[in-house]
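Some notes on the structure that comes next.
What's counted below: heavy atoms across the whole structure, side chains too, no hydrogens, waters or symmetry copies.
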2 protein chains.
Amino acid sequence: MADINDNTKSITKPRGRPQAFNQEDALEAALNVFWSRGYEGTSMAELTEALGINKPSIYAAFGNKEELFRQALARYVAGPAAFVTEVKNQVTARQVVESFLLQAADFFSNKNTPSGCMIVQAALTCGRGSTVVQQELMAYRKRYEESFIARFELAKIQGDLPQQVNSQQLAKYVATIHQGMSVQASSGATREELLAIADMALKNWPTN
Amino acid sequence: MADINDNTKSITKPRGRPQAFNQEDALEAALNVFWSRGYEGTSMAELTEALGINKPSIYAAFGNKEELFRQALARYVAGPAAFVTEVKNQVTARQVVESFLLQAADFFSNKNTPSGCMIVQAALTCGRGSTVVQQELMAYRKRYEESFIARFELAKIQGDLPQQVNSQQLAKYVATIHQGMSVQASSGATREELLAIADMALKNWPTN
DNA sequence: TTATTTATTTACCAATCGGTATATAAATAA
DNA sequence: TTATTTATATACCGATTGGTAAATAAATAA
């Protein structure tokens, strides 16, 4: 029997005038602006300029400024910042954190992208009208921290992290280094300087 | 002979209508708004509300928004954040940093003041029109870092810090912890959590 | 008292903010 | 062709931004 929701024939061309821009490219351009200027520091005027698209087209494609920011943020997490999730596949907790901080040093000082972490910087402070975005970024940071806690608990079970280690504290310590490095990067710290910071923080790894 | 610029007789009352508000109190109120909302996140409307003064009086007393911010920042440095300078009077480098990070933990989590460090948060990202303020805050951070470098060099001369220590790297490490703690505090970290981070960072102190 | 000086209040300014109504252009469907 | 659908460009919206002109109030000086 034929499926009523059969969409296999949707190879047919869409009905009206085709979009004149590549939506992924536009989203990446928006990401770069939000990443370097923050949420409130980015104006719709600057976005139209950077995307090469007029405002009504942006609103038709992405909703509004806040929605565009959310989609840009999702792209940031899945794209340039994906290493933060991937490092958890390292075999030991120590290797996870080493890989995390060293890659962060590279990432934050990459001259082809804005300096520092978008999730840390995009709305640390903001006006009354943007507290929703501010809290969403806080929630992102909290979730990342919790994922490190879970990884450390796993490491304790697997035996590569001492039982007496406080996973919450260790995760908060690692997150703090990461966030501090982000501030340093946006203040002009070089790759070498960031690597030296990461090295120093890693000297501090708990042992039996 | 009488000094032409003799101002000793300036006990005389000023000429016109007296200021109806206490300028120091107003500046402190402005500091609190800028501290919690950042430079761009603070509007003149919110300032008039917080200071209880109309805009023309603010402009007459402080210049403009940018100047008011600068004066509030100077008050921040000389007042609540004065401990950052004072800790350098501790006798050893190790004591300087310990005192610095533990006091920062207290300071950032003080419930009577905004969370985190104004110099870190007030303009990490901003719109095109505020890059001057952004760079001034960067310069503040750089100066603080340099003052720690100088203190560590002194400690090496005084013999309480090993000669092979790289003062630049150590100062950058300490600054990174501080800045990371600031982000943590503005994300809701408690005093105890911040103290645990500081303790962990201090475990890492260089020895012979 | 009257003149002068300074601060406050009110009302306003141009520019910019995020967001949209309207008209037109470019595609497919019939 | 004509109708329908969707995207574009232009021009505009009310609200808010930082900042000020003008009128009034409160003090001292003469």
Side-chain angles (χ1 to χ4, degrees), chain A residues 9-27 30 33-34 37-72 122-123 125-134, chain B residues 9-27 30 33-34 37-72 122-123 125-134:
Chain A
K9 60 172 176 288
S10 62
I11 315 123
T12 56
K13 295 200 170 175
R15 206 71 195 304
R17 177 174 177 171
Q19 224 175 25
F21 61 95
N22 181 313
Q23 194 143 342
E24 299 248 319
D25 291 349
L27 191 53
V33 183
F34 280 126
R37 296 218 171 278
Y39 177 67
E40 282 188 337
T42 299
S43 68
M44 287 307 301
E46 195 167 354
L47 285 170
T48 62
E49 189 185 322
L51 312 205
I53 305 171
N54 293 319
K55 272 194 284 182
S57 294
I58 297 182
Y59 278 84
F62 302 104
N64 58 18
K65 187 189 176 186
E66 199 174 310
E67 274 305 313
L68 176 57
F69 177 80
R70 285 201 187 91
Q71 293 178 47
T125 59
C126 63
R128 284 168 163 164
S130 306
T131 50
V132 183
V133 170
Q134 184 182 38
Chain B
K9 61 172 176 286
S10 61
I11 314 125
T12 57
K13 295 202 170 176
R15 207 67 195 308
R17 177 174 177 170
Q19 226 176 23
F21 60 94
N22 181 313
Q23 195 144 340
E24 299 248 319
D25 291 349
L27 190 53
V33 182
F34 280 127
R37 296 218 170 279
Y39 177 66
E40 282 188 338
T42 299
S43 68
M44 287 307 300
E46 195 167 354
L47 285 170
T48 61
E49 189 184 321
L51 312 206
I53 305 171
N54 294 320
K55 272 194 284 184
S57 292
I58 296 181
Y59 278 83
F62 302 104
N64 58 18
K65 186 189 176 187
E66 198 173 312
E67 274 305 315
L68 175 56
F69 178 79
R70 284 199 187 92
Q71 293 178 46
T125 60
C126 63
R128 283 167 164 164
S130 306
T131 50
V132 184
V133 170
Q134 184 182 37

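Both B/Tyr39 and B/Pro14 lie close to DNA chain D; mapped to their nearest nucleotides by heavy-atom distance, the more 5′-ward contact belongs to B/Tyr39. Where B/Gly16 and B/Thr42 each meet DNA chain D at their nearest nucleotide, the meeting point lying more 5' is that of B/Thr42.
When the P atom of D/dG18 is taken as reference, atom CG of B/Leu47 falls 8 Å away, rounded to whole Å. Straight-line distance from the CZ atom of A/Arg17 to the P atom of C/dA27: 7 Å, rounded to whole Å. Between the NZ atom of A/Lys55 and the P atom of C/dA23 there is a distance of 19 Å, given to the nearest Å. Distance, B/Phe21 CZ to D/dA25 P: 20 Å, rounded to whole Å. Atom-to-atom, CE of A/Met44 to P of C/dT16 comes out at 16 Å; the value is rounded to the nearest Å. Taking atom CD1 on B/Ile53 and atom C1' on C/dA7, their separation rounds to 11 Å, with Å as the unit. Here D/dT17 presents its P atom at 18 Å from CD of B/Glu66, a figure rounded to the nearest Å. C/dG19 atom P lies 3 Å from atom OH of A/Tyr59, rounded to whole Å.
Rounded to the nearest 0.5 angstrom, B/Gln19 CD and B/Ser57 OG are separated by 7.5 Å. Between the NZ atom of B/Lys55 and the CD1 atom of B/Ile58 there is a distance of 9.0 Å, given to the nearest 0.5 Å.
The pairing partner recorded for C/dA3 is D/dT28, the criterion being a Watson-Crick or G-U wobble arrangement whose two distances lie under 3.5 angstrom.
Residue B/Asn54 has a polar side-chain atom (N or O) positioned under 4.0 Å from OP1 or OP2 of C/dT9. Contact annotation: A/Ser57 does not reach the phosphate of D/dA7 (side-chain N/O to OP1 or OP2, under 4.0 Å).
Backbone-only engagement by B/Ala20 is indicated by non-hydrogen atom pairs under 4.0 Å involving sugar-phosphate atoms exclusively. Residue-level contact check: A/Pro56 touches the bases, meaning some heavy atom is under 4.0 Å from a base atom.
Annotation: ring pair (Phe, Tyr, Trp, His ring centres under 6.0 Å) contacts of B/Tyr39 (sequence neighbours excluded): B/Phe69.
Applying the 3.5 Å distance criterion, the base of C/dA27 shares no donor-acceptor pair with the side chain of A/Arg15.
Minimum atom distance to the side chain of B/Pro18 is reached by D/dA26, of the listed C/dG18, D/dA26, C/dG19.
With a 4.5 Å cut-off on side-chain heavy atoms, B/Leu51 and B/Asp25 do not count as touching.
With A/Ser130 as the fixed residue, the side chain to side chain contact (heavy atoms under 4.5 Å, CB included) test singles out one of A/Glu66, A/Lys65, A/Glu40: A/Glu40.
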